[in-house]
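One-based numbering along the sequence shown.
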Amino acid sequence: MIVAGLMTGTSADALDVALVDFTTPDDAPGDELTMELLDHREVAFPDDLGRDLLRLLEPGPVPLSLVADVDSRLGILSAEAIGQVLSETRLGCDLVVSHGQTVQHLLAGGEVRATLQIGQPAWIAERTGCPVLSDVRARDVAAGGQGAPLASMLDHLLLADPAEVTAALNLGGIANLTVVAPGADPLAYDTGPANALIDVMARRISGDPRGFDRGGAMAAAGEVDTELLAQLLDEPYYRQPAPKSTGKELFHAGYLDRALSTRPDLAANDVVATLTRLSAVTVAAECRRHAVARVVASGGGTRNPVLMAELARSLDDGVVLEDTTSLGLPGDAKEAVLMALVGWLSWHGLPATLPSCTGASRGTVAGRITPGHQPLRLPEPRVAPPERLRLKNTPVPQAPTEGEL
């Protein structure tokens with residue numbers, strides 16, 4: 001079954017696209033799922049769409065007309081992107097899975113009350129003729145879960161049967177961690193900001209509303225301010241028990257400004273250096289909490305050498321830090337591959353979430369389906385989910401656009 005996965009993250013800079021072929025022995029559906037990555041690429045957002053998405057991610061009122069307009073524009077861009085991939089590869093597709101852009105993830109007392117992803121799937125179904133799975137977080141929320149991190153299912157299958165405690169780390173706008181340990185259920189949660197606050201300062205320094213700390217140059221030019229770091233580390237979110245999730249509804253420009261009000265004369269590059277240290281030490285603290293021996297990292301933050309060096313220094317001695325290429329999966333493809341996996345599971349009537357990771361009362365089949373050009377025909381549901389994921393024949397990654405995913 002060939003599934004296309006589409007993913008946009010909290011940095012709202014690009015659309016990640018992956019075309020994945022899944023196969024499994026018919027006589028052993030609960031054992032091993034094999035995945036072949038046929039194509040993956042990153043499609044940058046037009047400047048106006050990127051700016052409007054970032055506007056929707058900041059707290060505060062926005063016109064409903066803007067939400068509707070961006071919903072349609074993101075759907076159209078997604079349709080064009082997957083249409084181009086199918087045309088260039090000359091491959092068919094059985095299902096498209098579109099995550100869309102999360103513009104609201106509302107929490108109260110640690111409980112997610114609502115989650116909203118936009119990017120109208122009807123445009124994709126009409127352009128490609130394929131059924132489209134979307135709105136993949138809401139069902140987990142309805143079952144009492146956080147609706148995040150969805151990556152925990154992919155991490156669980158990729159890291160199956162570990163010899164030591166291993167953590168899969170994603171450094172996007174927000175950092176999330178999946179911990180897989182021998183003989184234990186996996187755990188997963190958002191640890192805090194990765195690039196979200198760094199991006200705020202980088203955009204102020206550069207004057208580019210979509211800028212970022214390219215190559216960690218701003219952080220490298222600054223010095224960590226221990227007083228600001230201690231203040232930021234006093235954030236109550238870090239002390240909340242898992243499962244938990246967060247986003248730019250907490251870690252946004254106003255949040256940073258309140259912290260900086262006590263340090264008004266701090267140099268801008270010093271702020272970036274401090275925020276980079278914050279991202280590293282909060283991740284490292286969670287790794288220490290679970291006695292992690294190996295960290296497998298992905299996401300745009302892995303392209304920031306200063307952040308990665310800070311993380312390496314912050315982890316306990318002996319902890320191995322590597323990226324997902326060690327697993328045979330290009331890091332730039334991981335989140336789009338995740339969406340394809342969610343689609344395969346849902347298509348076969350299997351849960352796409354893990355209660356031990358999201359906090360839901362049970363694992364749920366994810367999303368809702370927009371039919372393609374043909375009548376919708378689902379296969380007979382599988383009895384048991386796969387226990388592990390095997391990768392084969394991963395293509396040479398295309399050169400990505402530098403930036404946070």
Side-chain angles (χ1 to χ4, degrees), residues 8-15 45-75 77 99-120 135 137-138 141 146-148 172-176 190-213 228 231-232 234-238 240 244-264 266 268 271-272 274-275 278-279 300 403-405:
T8 62
T10 48
S11 290
D13 61 342
L15 175 71
F45 289 148
D47 286 343
D48 58 343
L49 178 57
R51 286 194 299 268
D52 286 342
L53 281 169
L54 289 172
R55 182 182 174 191
L56 294 179
L57 292 177
E58 288 292 323
V62 294
L64 183 57
S65 59
L66 179 63
V67 178
D69 183 48
V70 175
D71 179 51
S72 182
R73 287 156 57 198
L74 180 56
L77 181 138
H99 173 271
Q101 179 69 55
T102 299
V103 293
Q104 288 289 316
H105 197 68
L106 303 179
L107 295 104
E111 178 183 353
V112 178
R113 307 304 296 270
T115 187
L116 177 63
Q117 291 76 44
I118 62 173
Q120 177 53 247
D135 196 21
R137 296 186 187 271
V141 171
Q146 296 283 312
I174 300 298
N176 60 65
D190 292 337
T191 64
N195 298 302
L197 297 180
I198 298 171
D199 287 350
V200 171
M201 282 305 300
R203 287 160 186 164
R204 291 176 178 177
I205 294 170
S206 66
D208 180 354
R210 298 180 63 199
F212 57 94
D213 188 10
L228 176 61
Q231 180 181 347
L232 291 167
D234 196 39
E235 163 58 47
Y237 179 79
Y238 302 128
Q240 291 179 16
K244 59 182 179 177
S245 61
T246 189
K248 289 187 176 179
E249 67 277 357
L250 175 59
F251 297 109
H252 54 79
Y255 175 94
L256 180 59
D257 286 340
R258 288 192 292 274
L260 292 178
S261 65
T262 65
R263 305 287 288 153
L266 197 60
V271 176
V272 177
T274 305
L275 295 172
L278 172 72
S279 297
E404 291 73 37
L405 296 178

Original post:
So, the side chain of H252 versus the backbone of V200: is there a donor-acceptor pair under 3.5 Å, distance only?
Top reply: no
**OP:** Please report the shortest heavy-atom distance between D257 and R204, naming the atom on each side.
**Re:** OD1-NH1, 2.8 Å
Original post:
How long is the span from the CG atom in D213 to the CG atom in N195, to the nearest 0.5 Å?
Top reply: 9.0 Å
Subject >> Value rounded to 0.5 Å, distance of CG in L74 from CG in D69 >> reply: 11.0 Å
Original post:
Can you check whether Q101 reaches V70 side chain to side chain, under 4.5 Å on heavy atoms?
Top reply: no
Original post:
Do E235 and T246 touch side chain to side chain, with heavy atoms closer than 4.5 Å?
Top reply: no
Original post:
Can you name the closest pair of heavy atoms from R210 and G50 and give their distance?
Top reply: NE-CA, 3.9 Å
**OP:** Measure the spacing between CD of E111 and CD of Q146 and express it to the nearest 0.5 Å.
**Re:** 8.5 Å
Subject >> Heavy-atom side-chain proximity of V112 to R137 below 4.5 angstrom >> reply: no
**OP:** Indicate yes or no: at least one non-hydrogen side-chain atom of D190 is less than 4.5 angstrom from one of K244.
**Re:** no
Original post:
Under a 4.5 Å cut-off applied to non-hydrogen side-chain atoms, are T8 and L53 in contact?
Top reply: no
Original post:
Which atoms form the tightest heavy-atom contact between R203 and G211, and what is the distance?
Top reply: NE-O, 2.9 Å
Original post:
So does D199 pair up with K248, basic N to acidic O under 4.0 Å?
Top reply: no
Original post:
Minimum heavy-atom separation for A253 to E58, with atom names?
Top reply: N-OE1, 3.8 Å
**OP:** List the steps, then state whether side chain to side chain contact (heavy atoms under 4.5 Å, CB included) holds for H105 with I174.
**Re:** CA-CA 13 Å; H105 197 68; I174 300 298; over 6 Å; no
Original post:
Which value, rounded to the nearest 0.5 Å, describes the distance between T191 atom OG1 and N176 atom CG?
Top reply: 7.5 Å
Subject >> Pairwise side-chain contact, L275 with L232, heavy-atom cut-off 4.5 Å (strictly under) >> reply: yes
**OP:** Hey, could you give me the CG/CZ distance between L278 and F251, rounded to the nearest 0.5 Å?
**Re:** 7.5 Å
**OP:** Drop me the distance from L197's CG to S279's OG, to the nearest 0.5 angstrom.
**Re:** 7.0 Å
**OP:** Assess whether side chain to side chain contact (heavy atoms under 4.5 Å, CB included) is satisfied between L107 and L250, documenting all intermediate values.
**Re:** CA-CA 10 Å; L107 295 104; L250 175 59; over 6 Å; no
**OP:** Indicate the atoms forming the closest heavy-atom contact of R55 with P63, along with that distance.
**Re:** NH2-CD, 3.7 Å
Original post:
Hey, are the side chains of D13 and F212 touching, using non-hydrogen atoms and a 4.5 Å cut-off?
Top reply: no
